[in-house]
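Remember, it's a predicted structure, so these values are computed and weren't measured experimentally. Proteins come first, then strands; the chains are lettered A, B, ... in the order of their sequence lines, and each starts at number 1. Side chains included, hydrogens not; waters and symmetry mates left out as well; all remaining heavy atoms used.
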Protein chains: 2
Amino acid sequence: MSRNANGGAPVPEGGWLDGEQQRAWLAYIRVQLRLTYEMNRQLQSDSDLSLPDYDVLTALSVADGGPMPITVLAAQIGWERSRVSHHVRRMAKRELVSCGLSANDRRVTEVSLTRHGQQVLEAAALGHVELVRRLFFDGLPRELVGPLSQALESVYANIIAQGTLPPPVDWHPPGASDRRRAPGLT
Amino acid sequence: MSRNANGGAPVPEGGWLDGEQQRAWLAYIRVQLRLTYEMNRQLQSDSDLSLPDYDVLTALSVADGGPMPITVLAAQIGWERSRVSHHVRRMAKRELVSCGLSANDRRVTEVSLTRHGQQVLEAAALGHVELVRRLFFDGLPRELVGPLSQALESVYANIIAQGTLPPPVDWHPPGASDRRRAPGLT
DNA sequence: TGGCATTGCGTGACATATCACCTATGCTTT
DNA sequence: AAAGCATAGGTGATATGTCACGCAATGCCA
């Protein structure tokens, strides 16, 4: 797929990616693959958590550990609901979260962080942040942090708009007075 | 974990991420989660390939479909070897790749793209590129493409240097005359 | 040549993810 | 209130991924 000059082969609707885009995409893919691997590995060995576990805990934590319906949780972390359902059940068995029916709407299962889950997350965050800093930010020139944020935020907004997953509950399209503080993930 | 001001709690060695870094990291994580999901979904439904399948096919394709040892393949795409082993065996059952022992070193299993695998990849690339363009680049202002590439390439170099996975075979650290063309992935 | 550590992989058990489908609620209409 | 539809989730089968090991081919060195 690298070669473009294949006599008269079909071409995607909008054309192939141009040189600059290929460069960006290649870099993105490479970073993504390795970083995911490393984060998973570190969490697993230091805190006995998988990266998906950590994603769930973090999402709950950002919502003050408060009860959060499966569907909302799924939208926050970009998973399918059934995946969340399975995963949360397993995490409940490990006492990291607890599930209960909503008093209001009895179809809804609400997930909460347990005391233990919160402690585990706090402990895990230390090593995780350390790794992120070391692998990601130590390699990132200061002056590129801003542009990187801008770029990724633009892309994110577009993915929300074009993609198939529902937006997170707190989602508000960029633009108009978008200076709200993002909750400090991680 | 969002709150920093927790009376005297332990803090990661290098300190927490600062505001700008948190912003970048949050954006990265969000993009990553959704994008992976969407790519998987599109490939699956349009080409009957998973994203991991696609990663393998692409890596082989970039190497001209040529025979590639499991270990090398693993390093290219940032997987553990045993994962590659399992996955490649399954792909072989689907005639997407073929495996054979190296004549040279009989411990080595060499993986190759089959004719069929190549065709499938070419067909899949159409829709995949289309999706990437639509979700990623259509939302990315032109003037941010360069900075984004730079940023991610810096990060990648750092991950290679600091991480636990071996570098890809064609890896050469940045810096000195780094103007070689990257193979056009995807 | 006989150890002996190393390297490259495969394997089996188990953890996770996905897909298609099922149920229970709740909401709307009539 | 009954019918009909939408929504929230659970489930079970199957595909994938991970981990801990094991085995055979090599490399090294005495």
Side-chain angles (χ1 to χ4, degrees), chain A residues 33 36-56 67-94 96-111 164-166 169, chain B residues 33 36-46 48-57 67-94 96-111 164-166 169:
Chain A
L33 281 170
T36 300
Y37 175 85
E38 302 283 358
M39 289 192 295
N40 220 321
R41 197 169 176 290
Q42 182 272 324
L43 282 170
Q44 196 77 60
S45 73
D46 289 3
S47 311
D48 199 44
L49 289 177
S50 66
L51 184 52
D53 290 337
Y54 190 83
D55 289 338
V56 169
M68 183 183 278
I70 297 270
T71 297
V72 173
L73 181 51
Q76 295 292 329
I77 57 186
W79 290 7
E80 296 177 20
R81 283 179 310 168
S82 96
R83 178 180 177 188
V84 174
S85 176
H86 279 304
H87 203 93
V88 149
R89 188 168 38 69
R90 289 185 296 246
M91 290 179 72
K93 236 179 292 187
R94 295 156 60 201
L96 294 169
V97 301
S98 65
C99 304
L101 289 185
S102 160
N104 200 13
D105 179 340
R106 283 188 344 236
R107 288 170 303 178
V108 173
T109 298
E110 292 181 321
V111 187
T164 63
L165 284 172
V169 289
Chain B
L33 281 169
T36 300
Y37 175 85
E38 301 283 358
M39 290 193 293
N40 216 323
R41 198 169 176 289
Q42 181 271 323
L43 282 169
Q44 197 77 59
S45 72
D46 288 2
D48 200 43
L49 288 177
S50 66
L51 185 51
D53 291 337
Y54 190 83
D55 289 337
V56 169
L57 293 179
M68 184 184 275
I70 298 270
T71 296
V72 174
L73 182 51
Q76 295 292 330
I77 58 185
W79 289 8
E80 296 177 18
R81 283 177 311 168
S82 95
R83 177 180 177 188
V84 175
S85 176
H86 277 305
H87 204 91
V88 148
R89 186 167 42 68
R90 290 186 292 246
M91 290 179 73
K93 237 180 290 187
R94 294 156 61 200
L96 293 170
V97 300
S98 64
C99 305
L101 289 186
S102 159
N104 198 15
D105 180 339
R106 280 179 351 228
R107 288 170 303 179
V108 173
T109 298
E110 293 180 321
V111 187
T164 62
L165 284 173
V169 288

Go through the structure and list residues passing side-chain hydrogen bond (donor to acceptor under 3.5 Å, both in side chains) with [X], not counting sequence neighbours.
X      : value
B:R89  : B:H86
B:D46  : B:Q42
A:T164 : B:E38
B:T36  : B:Q32

A:M39 versus A:Y54: any side-chain heavy-atom pair under 4.5 Å?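 A side-chain contact is absent here, since even the closest heavy-atom pair is not under 4.5 Å.
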Testing the basics here: between B:L33 and A:I77, what is the closest heavy-atom pair and its distance to 0.1 Å? CD1-O, 3.3 Å
Locate the shortest heavy-atom distance separating B:S85 from B:I70; write the atom from each residue and the value.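 Nearest heavy atoms, B:S85 then B:I70: CA-CD1, 4.3 Å.
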Measure the angle between the two terminal helix axes of the helix from C:dT1-D:dA30 to C:dT30-D:dA1, five base pairs each, and quote it to 10°.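 Here the helix ends are tilted 20° relative to one another.
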For chain B and DNA chain D, what are the first and last nucleotides along the strand, 5' to 3', with at least one atom under 4.0 angstrom from a heavy atom of the protein chain? D:dT16 to D:dT26
Using the salt bridge (Lys or Arg N to Asp or Glu O under 4.0 Å) rule, collect all pairs that involve residues 77-88 of chain A, keeping only residues at least two apart or in two chains. none
Base-contact (B) and sugar-phosphate-only (S) positions in nucleotides 9-21 of chain C, heavy-atom cut-off under 4.0 Å, - elsewhere: BBBB---BSBB--
Could I get the full list of salt bridge (charged side-chain N to carboxylate O under 4.0 Å, His left out) partners for A:R94, not counting sequence neighbours? A:D53
Sequence neighbours left out, cut at 3.5 Å: what donor-acceptor pairs do the side chains of residues 99-107 of chain A make with other protein atoms?
unit_1	atom_1	unit_2	atom_2	d
A:S102	OG	A:N104	N	3.1
A:S102	OG	A:D105	N	3.2
A:D105	OD1	A:R107	N	2.9
A:D105	OD1	A:R107	NE	3.2
A:D105	OD2	A:R107	NE	3.4
A:D105	OD2	A:R107	NH2	2.7

